[in-house]
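Structure first, commentary second.
Numbered from 1 within each chain, the chains take letters A, B, ... in sequence-line order.
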There are 2 protein chains.
Amino acid sequence: MIMQTREERHRKILELVADQYIGTQTDLEIALRKEGVRVTQATLSRDIRELGLVKIASGGRYRYASQKIIDSSTTTKHSMHASLASVKRFVRKIDWSGTTVVIITDSGAAAHVAEAIDVLELAEVLGTVAGDNTIFLVIQRDMSAKKVVKHLESLLG
Amino acid sequence: MIMQTREERHRKILELVADQYIGTQTDLEIALRKEGVRVTQATLSRDIRELGLVKIASGGRYRYASQKIIDSSTTTKHSMHASLASVKRFVRKIDWSGTTVVIITDSGAAAHVAEAIDVLELAEVLGTVAGDNTIFLVIQRDMSAKKVVKHLESLLG
DNA sequence: CGGTTTTGTGCATAATTATTCAGGGAATAT
DNA sequence: ATATTCCCTGAATAATTATGCACAAAACCG
């Protein structure tokens, strides 16, 4: 089975929905085909779920978009999230200030990455909020945000 | 035409999706019926579009959620607010770190709880961000987040 | 007032999306 | 190598959502 790698496809999907008006999964299928990626609607339905994209009314029409905000707390129990290793490719930068860790990701990928971090259930992390390409982790007050950064960096390889 | 006003229905829809796990429009139809509101799926499809709700993967399943983030910085434009007492049951945990207060709520309830807090117009609070189950309150830099936590806790009983 | 427009809704159905099932390929174990 | 397992995918289809149409109620207007 010839696969352009699923990773690459996911990246392209995030780019495409950020860039152009993708109203249906078939639209996305066509847009991807122009990029040299050929998959069926069924696969895109799965991709969209995994990337956490949403279809939303925009100007009277519908379009796919990356969630503006998703959040997660360390109390979240839901299973079936992407692993950190699998989202590593989206992470551009990690830094911290005070008790907040800031993670910069590729555009549109923050929600996805945040979920992967959330699943780690790091004890030092009080909560997480992700926007489009930025994630905030708030760290427990007597803990070292720097240490959390180190830890995340090691997990990311 | 029997209706308790469209507006009231919209309000109930927001409550329901924040409160419980609504996976399909038919789920919503049923939930509304229990509240004494009877409409068809077609109408709910229209309502959902107008309210800007989105269907998103959450824990391997789908659910409807509000896409809007409540980014209140006392810019409260919503008219109907729940009182703190009435949202108390959604609050799971309150903690703080640095100048940020983190509130964890039941899944989907963060926006509602945030609104209730917002209405208080606490002077120390610079702004609020709410996702699905996490709220961040950013406190003025020389103020005590701890004190705000205490205050909230006392208000919550 | 009577006529016109606007709005909101259900019904039926089209359009879209999610999932089941089967199979292929890669990785791992025997 | 062969078998086993796991992951990914397409095809077909089930499930869900969006919408064209018709109509009734409300709002607007002369």
Roughly how far, to the nearest 0.5 Å, is the CD1 atom of Ile103(B) from the CD1 atom of Ile135(B)? 4.5 Å

Rounded to the nearest 0.5 Å, how far apart are CG of Leu16(A) and CZ of Arg9(A)? 12.0 Å

Output yes when at least one side-chain N/O atom of Arg9(A) is less than 4.0 Å from OP1 or OP2 of dC8(D), else no.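 Looking at the OP1 and OP2 atoms of dC8(D), neither is under 4.0 Å from any side-chain N or O of Arg9(A).
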
Using a 4.0 Å heavy-atom cut-off, write out nucleotides 17-22 of chain D from 5' to 3' as B (base contacted by protein), S (sugar-phosphate only) or - (no contact). BBBB--

Can you confirm whether the side chains of Gln140(A) and Glu124(A) place a donor and an acceptor under 3.5 Å from each other? no

Enumerate all atom pairs, one protein N or O and one N or O from nucleotides 5-7 of chain D, separated by less than 3.5 Å.
none

Taking [atom1] from [X] and [atom2] from [N], how many angstroms apart are they, rounded to a whole number?
X        : N       : atom1 : atom2 : value
Ile56(A) : dT17(C) : CD1   : C1'   : 17 Å
Glu7(A)  : dT9(D)  : CD    : P     : 12 Å
Asp47(A) : dT16(C) : CG    : C1'   : 17 Å
Arg63(B) : dA18(C) : CZ    : C1'   : 19 Å
Ile13(A) : dT17(C) : CD1   : P     : 13 Å

Ion pair check, [X] and [Y], cut-off under 4.0 Å:
X        : Y        : answer
Lys34(A) : Glu29(A) : no
Glu15(B) : Arg11(B) : yes
Arg63(A) : Asp27(A) : no

Looking at Tyr62(B), I'd like to know if the NZ or CZ of Arg49(A) sits under 6.0 Å from its six-membered ring centre while staying within 45 degrees of the ring's axis.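 No, cation not above the ring by the 6.0 Å, 45° rule.
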
Which residues share a side-chain contact (heavy atoms from CB on, under 4.5 Å) with Lys12(A), sequence neighbours left out: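 For Lys12(A), the residues satisfying side-chain contact (heavy atoms from CB on, under 4.5 Å) (neighbours in sequence not counted) are Glu8(A), Leu32(A), Glu35(A), Val37(A).
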
